[in-house]
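Below is one structure, written out as structure tokens; comments come after it.
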Amino acid sequence: WFHLKLGPRISSMGQSSSKKPTQDTTVTAGSTPSEFPTTPHGTLMYGELSRACTVMFGNLDADLHKHLLDETAAFTCAEGRMVELGFAKCVDYPSLPDHVYYEGYFHSSRDSRPVESLNPRNGRPFNKPPAPKALRAMYIAFREKNKAILSEMARKILELPQATLLPRECHLEEQYETQEVDPRKIIADMFSPEGSAGEILCGDLAIQVHCGTGVDYDHVAWHRDSINSMFHFATSIRGKRDLYSSLSHHPENSKQQIFVERNETPNINITSPVFFKHAVSFPEQSWEDRTVDIQARFLLTSELLNNLARVSNEVKTQVSHIVAEAL
């Protein structure tokens, strides 16, 4: 994987034959966050329903990180400017009223005009504005530099056993075209640089800003992401956060264990958080020391999301292995 400065924490990219489950290390009941083992880097792991996942960690190059800070106003501005820059205040931790959370939604396509797509928070369609040029350039370059890997992933998805989409819900029959599409082609197009879906891999950017009262482990919100996070590129622009993941070393092991990764600037991670439960904690911090992260996911339309909802669990599990092995 190119366009990232991958440190020694990263194993060889794309070498699926060398990726093997590691020896189990049990976390006993009552363990505290300080006792959780570090999330394995570049190691084949498993979430729920035996779905595979690999968490790839690395760092942005220092010059690139500085460029993004210098060229993106929302990363360095006063809090009073956040709304005018396209951000809204959100509440994910109602029991912590002094925790401050802003989120803004942008696209990373070449097109400098708004693009109709879904709000990743509420699933409603809207005209998503373009991200600042420096951010769009980074994700455009990421897609360009990794064309060969993405094309190979798309090829492997197309070679999965033939499958059909599950039936539509009745109220959607007239809303969308009735022509059936191979679910393998739907997903392969999402990954393929030449796919009909366009620039949608890492095309949906959610920029998240946290400060104020900290969110400790007792208050974290465990969840799985939506299907737009089959390929999810997260970047720490400022500050710190702890990412907890519930994973297993073996596909048939129903007992998940908790791992933690201490993310700080300028860490990145790429994984598939739709396939495993995870949660995030934040330290108490001022606006000046705030945490800023970018969550880059697939850019979805309503029709694409509804087609993905009709993909069987079996196909999703097969795709999870292709993505995990590529990472």
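Quick note: numbers below take in every heavy atom, side chains included, and nothing from hydrogens, waters or symmetry partners.
In summary, the side chains of H219 and D216 do present a donor paired with an acceptor at a separation below 3.5 Å, with no hydrogens or angles considered. When only modelled atom types and interatomic distance are considered, Y102 and E79 share a side-chain donor-acceptor pair under 3.5 Å. Counting only N and O atoms by type, the side chains of S226 and R297 include no donor and acceptor under 3.5 Å apart. Inspection of the E261 and S245 side chains reveals no N or O donor paired with an N or O acceptor under 3.5 Å. If you check the side chains of R262 and N267, you find no donor sitting under 3.5 Å from an acceptor.
The distance from the NZ atom of K66 to the CD atom of E71 is 9.0 Å, given to the nearest 0.5 Å. Expressed to the nearest 0.5 Å, how far OG1 of T265 lies from CG of L69 amounts to 8.0 Å. Residue H232 holds its NE2 atom at 10.0 Å from CG of D204, rounded to the nearest 0.5 Å. Remark: N313 CG to L166 CG distance equals 8.0 Å, nearest 0.5 Å. Taken from NZ in K316 to OG in S272, the straight-line distance is 13.0 Å, to the nearest 0.5 Å. Within the model, atoms CG of L205 and CE of M138 stand 8.0 Å from one another, a figure rounded to the nearest 0.5 Å.
Between the T72 side chain and the A74 main chain, no donor and acceptor come within less than 3.5 Å of each other. Looking at S320, its side chain does come within 3.5 Å of a backbone N or O of T317 through a donor-acceptor pair. Under a 3.5 Å cut-off, the side chain of T54 and the backbone N or O of A324 do form a donor-acceptor pair. Panel note: side chain R136, backbone R110; a donor-acceptor pair is recorded below 3.5 Å. At least one donor-acceptor pair under 3.5 Å links the side chain of K128 to the backbone N or O of L118. Between the side chain of H99 and the backbone N or O of G212, no donor-acceptor pair lies under 3.5 Å.
The same ILVMFWY cluster, assembled from side-chain heavy atoms under 4.5 Å apart, contains both M56 and L60. A single hydrophobic cluster is not seen to contain both L158 and L150; linkage of ILVMFWY side chains at heavy-atom distances under 4.5 Å, directly or through other members, places them apart. Under the 4.5 Å side-chain heavy-atom criterion for Ile, Leu, Val, Met, Phe, Trp and Tyr, I270 and I140 are members of distinct hydrophobic clusters. Follow the hydrophobic side-chain contacts under 4.5 Å out from L305 and you reach V181 in the same cluster. Residue I237 is grouped with residue W287 when hydrophobic side chains (ILVMFWY) are merged at heavy-atom distances under 4.5 angstrom, including chains of intermediate members.
For H65 and F75, the distance between ring centers is not under 6.0 angstrom. Between H210 and F282, the distance from one ring center to the other falls under 6.0 angstrom. Taking the centre of each ring, F106 and F87 come in below the 6.0 Å mark.
Evaluation of the ring pair (Phe, Tyr, Trp, His ring centres under 6.0 Å) rule for H278 yields H223, F276 as partners, not counting sequence neighbours. Residues satisfying the salt bridge (charged side-chain N to carboxylate O under 4.0 Å, His left out) criterion with E48, sequence neighbours excluded, are R224, K277.
Taking a 6.0 Å sphere around CD of E84, one finds it holds more than 12 heavy atoms contributed by other residues, nucleotides or ligands.
Nearest heavy atoms, A163 versus P183: O-CD, 3.3 Å. Of all heavy-atom pairs spanning S50 and H321, the tightest one is O-NE2, 3.6 Å. Here the closest heavy-atom approach between residue Y105 and residue P120 is recorded as CD2-CG, 3.6 Å. Taking both residues in full, the closest heavy atoms of S112 and P130 are given as O-CG, 3.1 Å, listed atom of the first, atom of the second, then distance.
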Begin with the C-alpha distance, continue with both residues' side-chain angles, and end with the deciding distance and a verdict on side-chain contact (heavy atoms from CB on, under 4.5 Å) for N263 and D293. CA-CA 10 Å; N263 287 157; D293 298 292; 5.9 Å; no
Under the criterion side-chain contact (heavy atoms from CB on, under 4.5 Å), I'd like the reasoning laid out for E199 against S108: C-alpha separation, chi angles, the key distance, then a yes or no. CA-CA 8 Å; E199 297 178 303; S108 70; over 6 Å; no
Step by step, work out the side-chain contact (heavy atoms from CB on, under 4.5 Å) result for T235 and Y139. CA-CA 11 Å; T235 305; Y139 294 104; 4.0 Å; yes
Determine whether E159 and K156 satisfy the following criterion, salt bridge (Lys or Arg N to Asp or Glu O under 4.0 Å), listing intermediate values before the conclusion. CA-CA 5 Å; E159 291 178 350; K156 289 182 177 180; over 6 Å; no
Apply the test side-chain contact (heavy atoms from CB on, under 4.5 Å) to residues L243 and T39: give CA-CA distance (whole Å), side-chain angles for both, the deciding distance (0.1 Å), then the verdict. CA-CA 9 Å; L243 175 62; T39 306; over 6 Å; no
Passes side-chain hydrogen bond (donor to acceptor under 3.5 Å, both in side chains), Q285 versus T291? Steps please. CA-CA 8 Å; Q285 54 203 343; T291 295; 2.9 Å; yes
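Residues N307 and L165 are in side-chain contact: their nearest non-hydrogen atoms beyond the backbone lie under 4.5 Å apart. Here the side chains of R290 and V100 are not in contact, with every heavy-atom distance at 4.5 Å or above.
Between E152 and R155 there is a salt bridge, since a side-chain N of the basic residue sits under 4.0 Å from a carboxylate O of the acidic one.
The aromatic rings of W222 and Y244 sit tilted relative to each other, their planes meeting at an angle between 30° and 60°. Using a 30° and 60° split on the angle between ring planes, F191 and F231 fall in the perpendicular class, above 60°.
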